[in-house]
Every structure is written in structure tokens, then in C-alpha cells.
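For reference, the structure discussed in these notes is given below.
All heavy atoms count here, side chains included; hydrogens, waters and symmetry mates do not. Each ligand, and each atom within it, is numbered from 1 in the order the structure gives.
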Amino acid sequence: MKKTVFTIATFALATLLPAQQNQDHRLGYDDTPSYPGSKWKVHDSKRPRPAMVSASCNANTVKAPSDAEVLFDGKDTSKWVTPDKEGKPGPVSWKVENGYMEVVPGKGGLKSKASFGDFQLHVEWASPAEVKGDSQNRGNSGIMIMGQYEVQVLDSWDNPTYADGQATAIYGQYPPYVNASCKPGEWQAYDIIFESPKFEGDKLVKPAYVTVFHNGVMTQNHEQVLGPTLHRAVGVYKAHGDLPLELQNHNTSVRYRSLWLRRLKGRQE
Ligand code: MG
């Protein structure tokens, strides 16, 4: 009798368990919340994945303009720290060699010593030529603007994943308009224009906006950032001022060879 009850209970449980228990999360989720006003869930598995366009790959490095702050030139990591578990700044934990720095899985991310508000940022990066892993576990890093608004870095060459997690996605919020990715191992460029959120006291008076060019192709066009970017959750703005830039360690190898930033001060009137 006990066995029968157990069998019936097991059968009932298996029948009643939501479908997402069996879902392949490499392609997204069906059980996540939505941002207010969005018809898509965060990492929605049904959200259309952007079409590929061929772009300029393995281009020469772009020289920093004279009014830029060079954050990394292929050798010098002095503008960065790796925070320890308590958030205290420690020495940079990434490997630096041959004109690039490379994420060391499990050894933390990078945080700029300086803080920034509105800016134009140029980044050159490459995922490993040898493909390991898939979906979000393949060449995943991130440009963590103000430590909380992520422009996704991901090897998105023939690598199915959820649309809002692709290269240059505003993670969990906006897929890129198109997928302008290069092949694994090839150098790629991001050009990001960021307008920081503005607060009066605790109140948000202007959200952040992000524009992104991926290998010269526009993939985000003055998109309104909906809050901090989170995995499987909806982020809510919390008041802050200028903050450091961070580079994500997602426990997969990614190389960076150039980062420079121009603080945006507006037109001279
Ligand atoms: Mg990432």
C-alpha cells in the first residue's frame, strides 16, 4: 500500500511540476519576471535571437584620442584593482602577457580606481580561439558600467543562448539589434556611450541610457536602462553618484587589449 501511495505521489509530482524543471536553460527561461511595460520576461527563451551580420573583425587597435583616459594599453594595469572578498582593493589578478590581459577563472574581476559618470568607452576584446563550453559558459565577461549595468561580453559566434544575454546585450533587458560578432579568437571592438542615471535624494529623475557599436555596427541605440542588470531578476535603481567601471570574471577566459574612456562634458556653449 505504501508503495502504491509513493508511486501515485511520484507520478502526481512529475505531472504537476512546471515545465521549466525540464527546460534547457542554455536557451533561456520561462519562469522569470518581466520589467514593467516589457512584453518579454528576463532571459525569455521565446525572445527572438538577433540575426548575424558580418562586421569588421580583427581590426587594428584604435588609437586613443588625446582627451581620453587610457585605462589599459596592453601592458599597464595600474588603473585597476581586484577587490578581495570584503571589497578591499588588491592587486590585479588577471594574467598580463603579449599585449593583452586575460581573465583568470575564479580569481575575481577588475575594478577601475577612478569613478566615472557620463562617458564614451572603447574596448577591444577576444574570446579564446579554442571553444570551450556553450551558451553563457563560453567566453563570458562583461563591461559592468558603474559596477551594475552590464553590457554583455560573450562569444556569440554560433553560440545559441537567450537573446538578452548575447554579446552587447544590456544583460537581461535588451538583446542587441543584430549579432555583429566575430569568430572565436578574433579581436572585437565595443564603443559604448553611457549617460549615467540622475537622482535627487533617493529619487530617480533620469534613468541611464546606453548606446553601443559592436565592431562598428550599432547594436544598442540610446536604450533606457531599466535598472541594475541581474540574472533572472528585475533590478531596481538605488541612488548613487559616479562609480568605478568593472570588468566581469564569469569564470571563462576572455582577453582585453585596449580600453580607453572619454568623460562627456557636453558641448561648449
Ligand atoms: Mg557577462
Given 3.5 Å as the limit, does a donor-acceptor pair link the side chain of Q220 with the main chain of Y174, or not? yes
Roughly, to 10 degrees, what angle do Q152 atom OE1 and N140 atom OD1 form around the Mg ion (ligand 1)? 90°
Take the angle between the ring planes of F116 and F119 and call it parallel below 30°, perpendicular above 60°, tilted in between. perpendicular
Could you walk me through whether E223 and Y177 pass side chain to side chain donor-acceptor pair (under 3.5 Å), step by step? CA-CA 11 Å; E223 310 299 332; Y177 285 42; 2.8 Å; yes
Using a distance threshold of 2.8 Å, state whether an N, O or S atom of Q248 lies below it from the Mg ion (ligand 1). yes
Three-point angle S141:O, the Mg ion (ligand 1), E150:OE2, rounded to the nearest 10°: 90°
Where does the angle between the aromatic ring planes of Y29 and H231 fall among parallel (under 30°), tilted (30 to 60°) and perpendicular (over 60°)? perpendicular
